[in-house]
Amino acid sequence: MASHSAILGVGGGIAAYKAAELARELMERGFEINVVMTAAAQEFVRPLTFAALTGRKVVTEMFGAGSAEDVLASSVEHIRVAQQNRVLVVAPATADLLARFAHGLANDFLTTLYLAFEGPVVLAPAMNTAMWRHPATQENVKTLAGRGHFIIPPDEGPLACGTSGPGRLPEPARIAAYLERLVTRRHDLDGETILVTAGPTREPLDPVRFITNRSSGKMGYAMAEAAAQRGAKVVLVSGPVQIAAPEGVEVVPVQTAAEMRAAVLQHLPECGMVIKTAAVADYHLAQIPKQKVKKTAMRLSLELDPTPDILAEVGREIERLNSGQLLIGFAAETENVVAEAKRKLQAKKCDMVVANNVAGDATGFEVDENEVTLVTRAKETIELGRATKRVLADKILDEALKLRLALHKDR
Ligand code: CTP
């Protein structure tokens, strides 16, 4: 069983009692738990409950009482606790705590500890639905997610205030399983920044119509999630999709190929690896009518111009700057899959192209599974076979890291 030490920060909300169960769940999974309670949390649950459960002292205040030495010792306690623990989990994270974390306020032990803590931070918000939905809270959550923290969104259901909606603290067993996954994950992308593009682009034809590609964004979101879980800072440039952002990933929403190009070029310099999963529309209407185009009985022809090939442009840019960034493209094909992937590898100056056959129904678009073959600059062809997109994402990253070593592309 794993032995990891975790700080469990308990905020002052009705769900504070569930934190006791979370402490027990975590201990069953081999965690050593150090509980820190805010003053408000102590109004809901007594520190003794946690002390009895964990067998450890519970931190309840910033400056302990007693002699000057005692006060001095407790005034640096937050640094010691921060350094000795692997992960910080805050459950329930109240609206007030999220705000104080987001703004770097340090007016009690937990918020001071948060600033001193350099490891992964997991936040499980719980509050009344209106408070959760309030733009101030949502802004704070966005800030915290953008900082690379892991947010476990609240569940929906009946709340203590008599209303119903999102706001409930997820089941402690689920939070505990999440933490277990986090601390046992691989760390081979720690300190890296990775750019991922995902989803389709939308090219307007008039104010109410657009052309687009079939793409759910699932493969790109799986790539982003896998990279983030392995320690990377991930910038996910995403076209319009119906899926939630993976935890700890910064999403840059875009609509058109031109917007995607601008976002990619803006973030390119800071990224060591670029993964272009997006299904970019190949054509667009250069002059978009300001008003809705009216139906007539006549045949309608559209004259479309090609969109910029973002992948090819990034390939040229990396070559020009000799920047050592690893470039991975995708190729969705219905025939000659490997041959087409090899052609795109060369034409777009990629290090790897992930080819998938989208001719069938079970793999490819809008489904959870894919079947892919990798072709690389090192002239390898690697069959990854059929698996879920999330499993394939890790395998693609494994091969990308091996390839980077082989090509001496470390930067
Ligand atoms: N791509 C891009 N910009 C475009 C078109 C494609 O960056 N305007 C990228 C995609 O993100 C993907 C790769 O190029 O990583 C291959 O996309 P695909 O649509 O398969 O290739 P195309 O070059 O458009 O070729 P074709 O449509 O003829 O197969």
Side-chain angles (χ1 to χ4, degrees), residues 192 194-201 213-215 219-220 222-224 227 237 239 257-258 260-265 267-269 271-284 304-359 363-365 370-385 389 392-393 395-411:
E192 301 234 12
I194 296 185
L195 180 65
V196 180
T197 68
T201 64
N213 281 345
R214 270 184 80 182
S215 167
M219 191 65 228
M223 292 300 315
V237 177
M260 183 170 276
R261 173 181 175 273
V264 166
L265 293 180
H267 289 280
L268 183 61
C271 296
M273 201 187 286
V274 181
I275 306 175
K276 289 229 62 232
T277 326
V280 186
D282 286 328
Y283 293 93
H284 74 136
L304 300 173
D305 286 311
T307 55
D309 191 317
I310 309 165
L311 182 60
E313 188 172 347
V314 171
R316 285 195 299 274
E317 195 60 11
I318 291 175
E319 192 173 83
R320 186 177 72 80
L321 297 173
N322 195 16
S323 60
Q325 291 156 293
L326 198 82
L327 182 59
I328 303 177
F330 274 67
E333 307 293 346
T334 52
E335 55 184 359
N336 305 329
V337 181
V338 172
E340 270 302 287
K342 284 184 178 161
R343 185 182 66 76
K344 288 177 186 173
L345 181 84
Q346 285 229 319
K348 305 194 189 200
K349 301 181 191 300
C350 296
D351 298 299
M352 177 191 281
V353 167
V354 182
N356 60 324
N357 189 337
V358 290
T363 56
F365 297 125
N370 228 349
E371 185 166 352
V372 305
T373 306
L374 313 180
V375 296
T376 74
R377 194 190 276 272
K379 303 224 174 335
E380 295 163 309
T381 301
I382 304 161
E383 298 283 348
L384 291 187
K389 289 178 176 174
L392 285 172
K395 290 188 176 180
I396 293 166
L397 288 173
D398 291 345
E399 294 301 332
L401 291 179
K402 278 193 237 163
L403 178 68
R404 185 160 71 174
L405 277 179
L407 297 175
H408 303 292
K409 268 200 140 192
D410 269 325
R411 61 166 210 166

Peer 1: Mark yes or no for whether Thr307, through its side chain, and Ala281, through its backbone, hold a donor-acceptor pair below 3.5 Å.
Peer 2: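 Flag set: sc Thr307 to bb Ala281 pair under 3.5 Å.
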Peer 1: Between the main-chain N or O of Leu327 and the side-chain N or O of Asp351, is there a donor-acceptor pair closer than 3.5 Å?
Peer 2: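 Flag set: sc Asp351 to bb Leu327 pair under 3.5 Å.
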Peer 1: Mind checking what makes salt bridge (Lys or Arg N to Asp or Glu O under 4.0 Å) contact with Lys402, not counting sequence neighbours?
Peer 2: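 Listed in chain order: Glu399.
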Peer 1: Taking atom CZ of Arg261 and atom CG of Leu311, what is their separation to the nearest 0.5 Å?
Peer 2: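 With rounding to 0.5 Å, CZ (Arg261) is 13.5 Å from CG (Leu311).
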Peer 1: Indicate yes or no for a side-chain donor-acceptor contact from Thr277 to the backbone of Thr197 under 3.5 Å, with no hydrogens or angles considered.
Peer 2: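 Yes, the answer is positive, given that a donor and an acceptor are paired below the 3.5 Å cut-off.
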Peer 1: When rounded to the nearest 0.5 angstrom, what is the spacing between CD1 in Ile275 and CE in Met219?
Peer 2: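 CE of Met219 is found 9.0 Å from CD1 of Ile275.
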Peer 1: In Å, rounded to the nearest 0.5 Å, how long is the span from CD of Glu313 to CZ of Arg316?
Peer 2: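 Between Glu313 CD and Arg316 CZ, I get 6.0 Å after rounding to 0.5 Å.
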Peer 1: With heavy-atom distances below 4.5 Å as the criterion, would you say the side chains of Ile328 and Val274 are in contact?
Peer 2: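 They are not in contact (no side-chain heavy atoms under 4.5 Å apart), so the answer is no.
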Peer 1: Is any side-chain heavy atom of Lys349 closer than 4.5 Å to a side-chain heavy atom of Ile318?
Peer 2: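 No, too far: nothing below the 4.5 Å cut-off.
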Peer 1: For Ile382, which of Val354, Val375, Leu374 qualifies under side-chain contact (heavy atoms from CB on, under 4.5 Å)?
Peer 2: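 When Val354, Val375, Leu374 are each tested with Ile382, the side-chain contact (heavy atoms from CB on, under 4.5 Å) holds only for Leu374.
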Peer 1: For the atom pair CG (Leu392) and CG (Leu397), what is the distance rounded to the nearest 0.5 Å?
Peer 2: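 Reported to 0.5 Å precision, the distance equals 11.0 Å.
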Peer 1: Would you check if the side chain of Thr376 reaches a backbone N or O of Met352 as a donor-acceptor pair within less than 3.5 Å?
Peer 2: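 No; zero donor-acceptor contacts below 3.5 Å.
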Peer 1: Output yes when a side-chain donor or acceptor of Gln325 lies under 3.5 Å from a complementary backbone atom of Cys271, and no otherwise.
Peer 2: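 Present.
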Peer 1: Between Arg404 and Met273, does a side-chain contact (heavy atoms from CB on, under 4.5 Å) hold up when you go through it step by step?
Peer 2: CA-CA 10 Å; Arg404 185 160 71 174; Met273 201 187 286; 4.2 Å; yes
Peer 1: Check whether Asn213 reaches the backbone of Ser215 with its side chain - one donor and one acceptor, N or O, closer than 3.5 Å.
Peer 2: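 Pair absent, no side-chain N/O of Asn213 close to backbone of Ser215.
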Peer 1: Supply the atom-to-atom distance Asn370 CG to Leu384 CG, rounded to the nearest 0.5 angstrom.
Peer 2: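 Here the rounded value is 10.0 Å.
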Peer 1: What distance do Asp309 atom CG and Asp282 atom CG have between them, rounded to the nearest 0.5 Å?
Peer 2: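 Asp309 CG to Asp282 CG: 7.5 Å, rounded to 0.5 Å.
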